[in-house]
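In what follows, a structure is listed as structure tokens, so that the remarks can point back to it.
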Amino acid sequence: MLKMGQASFLCICLGMVCLLSGIWVQAEDPYLYFTWEVTYGTVSPLNAPQRGILINNQFPGPTIDAVTNDNVLVNVINKLDVPFLITWNGIKQRRTPWQDGVLGTQCPIPPNSNWTYKFQVKDQIGTYNYFPSIGMQRVAGGYGAFNVNQRSVISKPYPEPFEEFNVLVSDWYNTDFKILEQRLDQGTPLPLPDGLLINGLPSGQAVFTGEKDKLYKFRISNVGVAVAINFRIQGHTMTLIEVEGAHTLQEIYESLDVHVGQSVTVLVRLHAPMAKDYFIVASSRFTKPILTTTGILKYAGSTTPAAKPLPVGPTYHLHWSMKQARTIRLNLTANAARPNPQGSFHYGTINVMRTIFLTNTAEKVNGKLRYAINSISHVDPPTPLKLADWYNIPGVFKLNSVPDMPTNTTPVLAPGVLAFELHDFVEIIFQNSEYTVQSYHMDGSSFYIAGYGNGPWTPAMRRRYNLADTVPRHTVQVYPVSWTAILVSLDNKGMWNLRSAIWSRRYLGQQLYMRVWNDEKSLFTEADPPPNILLCGLVKKA
Ligand SMILES: *[C@@H]1O[C@H](CO)[C@@H](O)[C@H](O)[C@H]1NC(C)=O
Ligand SMILES: *[C@@H]1O[C@H](CO)[C@@H](O)[C@H](O)[C@H]1NC(C)=O
């Protein structure tokens with residue numbers, strides 16, 4: 001095992017290559033190797049055969065179970081007929097924007113070729129997931145659970161569960177992903193999905209078996225593309241312990257809203273007097289009609305099927321949802337990936353350097369529907385933004401093409417970029433004047449959710465911010481005709497996707513990139529491009 005000092009010494013001897021492997025890939029942290037073959041295959045999630053995207057023949061794909069600071073290597077073999085990338089939803093990619101798996105940071109893996117992702121799950125714990133990032137591919141599958149566990153030397157702020165379960169809730173269309181893409185290309189919005197799935201299975205088929213009186217951890221992710229869900233378990237309550245890498249105050253919930261792209265971790269004790277089967281329910285929020293699916297919580301040995309009625313959940317109840325969201329708070333004394341308490345970063349006392357006000361729109365441009373943020377409807381240029389930035393290729397994008405304030409002009413199709421200095425501390429207000437709920441995800445960093453409110457945001461709303469113990473997350477909802485304010489410390493150099501997690505909206509432009517930059521080139525803040533970097537667009541020719 002190399003100690004830091006020895007590693008640095010070797011670096012002097014051997015130069016850059018060793019500096020990379022000696023310090024950044026930290027020889028003492030374990031390596032997890034995966035080889036994933038991505039293929040089409042037939043799946044029948046709503047009981048009718050359809051084309052799915054499988055990883056190693058599985059739908060959903062394999063689970064990654066990592067420990068903080070593990071190095072993860074995933075060799076992705078693309079056997080589809082389309083270019084492919086996987087993004088690691090919520091994995092922060094510290095110093096490795098090259099591995100983020102979106103078209104703004106890397107070239108796609110062409111059909112019939114393979115490419116190996118290599119990154120470290122640095123200083124992170126929590127429940128995450130991964131999915132294909134290009135086009136509408138993810139509606140066909142290719143997604144899976146990505147769990148990052150505490151190192152054994154770090155104590156957990158909750159009792160040890162007996163076992164844990166992954167619960168991936170997704171929505172599903174009875175339409176091939178390429179047809180959905182064509183539909184969007186023609187400017188036609190997508191209808192409501194045809195149904196909801198739990199772990200890729202039709203209603204009633206996902207079974208989670210546990211023993212009476214034992215405690216179980218449920219890692220729940222909404223890996224869907226369109227609808228927020230409410231999650232609940234018949235006859236049982238859930239104790240929330242973590243959201244997207246932050247340990248929460250351990251409040252007890254009868255049901256929980258999980259917006260598109262979000263993850264929550266709960267503990268459930270199998271304390272029911274009757275050792276039988278109970279329904280697990282996921283139903284859509286803010287939709288008409290309501291989509292509902294079920295799974296089964298089975299007490300080991302039970303032969304008694306779950307009995308209706310299903311537990312009732314909220315349907316529209318916007319105020320209920322906002323109120324619940326505010327109860328999700330940070331346990332300031334608990335540790336997460338590191339032994340220092342989460343509350344030691346006093347986000348509420350840091351001066352905001354810049355306020356950015358982002359509004360989403362849905363309107364026609366040249367006769368076709370486009371979604372936009374501050375009138376920029378993002379398009380991915382053939383040269384990934386990160387590569388253009390690194391290799392100094394002009395003309396690919398403009399810094400600050402997205403203005404800090406809405407212009408209320410006709411949307412323009414262009415790469416959307418907001419430029420920041422490394423370590424900027426910014427306030428972002430998402431203002432939603434549409435009648436649908438929005439969901440925004442940020443790569444590279446977690447942000448603190450300062451507040452939610454109805455109607456238009458005004459500076460007076462700052463008095464309502466939670467500046468003490470809100471949770472940092474990577475995905476946040478913005479309610480219909482409402483605002484959400486976030487605070488973020490941009491400590492991770494790179495080119496980070498800020499996107500609508502509602503995938504048809506992202507597909508038609510509701511996304512941008514946050515360029516986090518400083519002029520000091522240092523491997524402490526950003527790794528060089530990996531040796532296996534894929535080239536495309538203008539970089540190929542350079
Ligand atoms: C492709 O896979 C082979 C092994 O199957 C591996 O040796 C090679 O490094 C991979 N290529 C890339 C670019 O990751
Ligand atoms: C907060 O975390 C501490 C561990 O530091 C734990 O003992 C306590 O129960 C947690 N409190 C709540 C309300 O979750």
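This is a predicted model, so every value here is computed, not measured. Ligands are counted one by one from 1 in listed order, and the atoms in each one are counted from 1 as well. Positions are given from 1 along the sequence. Atoms considered below: every heavy atom in the structure, side chains included; atoms not considered: hydrogens, waters and symmetry mates.
Summary of contacts: the protein heavy atom closest to atom 14 (O) of ligand 1 is Thr116 OG1, 2.6 Å. Given atom 8 (C) of ligand 1, the protein heavy atom at minimum distance is Asn114 ND2, 3.8 Å. In terms of protein heavy atoms, atom 5 (O) of ligand 2 is closest to Thr333 O, 3.3 Å. In terms of protein heavy-atom proximity, atom 6 (C) of ligand 1 is closest to Asn75 ND2, 4.0 Å.
Asn497 and Arg506 are linked by a side-chain donor-acceptor pair at a separation below 3.5 angstrom, with hydrogens and angles left out of the test. Residues Ser283 and Arg232 bring a donor and an acceptor atom of their side chains to less than 3.5 Å of each other.
When each atom of ligand 2 is checked for a heavy atom of Leu249 under 4.0 Å away, the hits are 13 (C), 14 (O). Using a 4.0 Å cut-off to heavy atoms of Asn331, the atoms of ligand 2 that qualify are 1 (C), 2 (O), 3 (C), 8 (C), 10 (C), 11 (N), 12 (C), 14 (O). If you number the atoms of ligand 2 from 1 as listed, the ones under 4.0 Å from a heavy atom of Pro157 come out as 2 (O), 4 (C).
No side-chain heavy atom of Thr239 sits less than 4.5 Å from a side-chain heavy atom of Arg269. At least one side-chain heavy atom of Tyr347 sits less than 4.5 Å from a side-chain heavy atom of Thr470. A 4.5 Å side-chain heavy-atom check between Ile134 and Pro108 finds at least one atom pair inside the cut-off.
For Tyr130 and Phe146, the ring centers sit 6.0 Å or farther from each other. Between Trp88 and Tyr117, the gap from one ring centroid to the other is short of 6.0 Å.
No N or O atom of Trp115 sits closer than 3.5 Å to an N or O atom of ligand 1. Polar contact check, Gln250 against ligand 2: a nitrogen or oxygen pair lies under 3.5 Å apart.
Under the 4.0 Å distance rule, the nearest protein heavy atom to atom 2 (O) of ligand 1 falls inside the cut-off. Distances from atom 11 (N) of ligand 1 to the protein include at least one heavy-atom value under 4.0 Å.
A salt bridge links Lys214 with Glu211: the closest approach of a Lys/Arg side-chain nitrogen to an acidic carboxylate oxygen falls below 4.0 angstrom.
Of the heavy atoms in Ile77, none comes closer than 4.0 Å to ligand 1.
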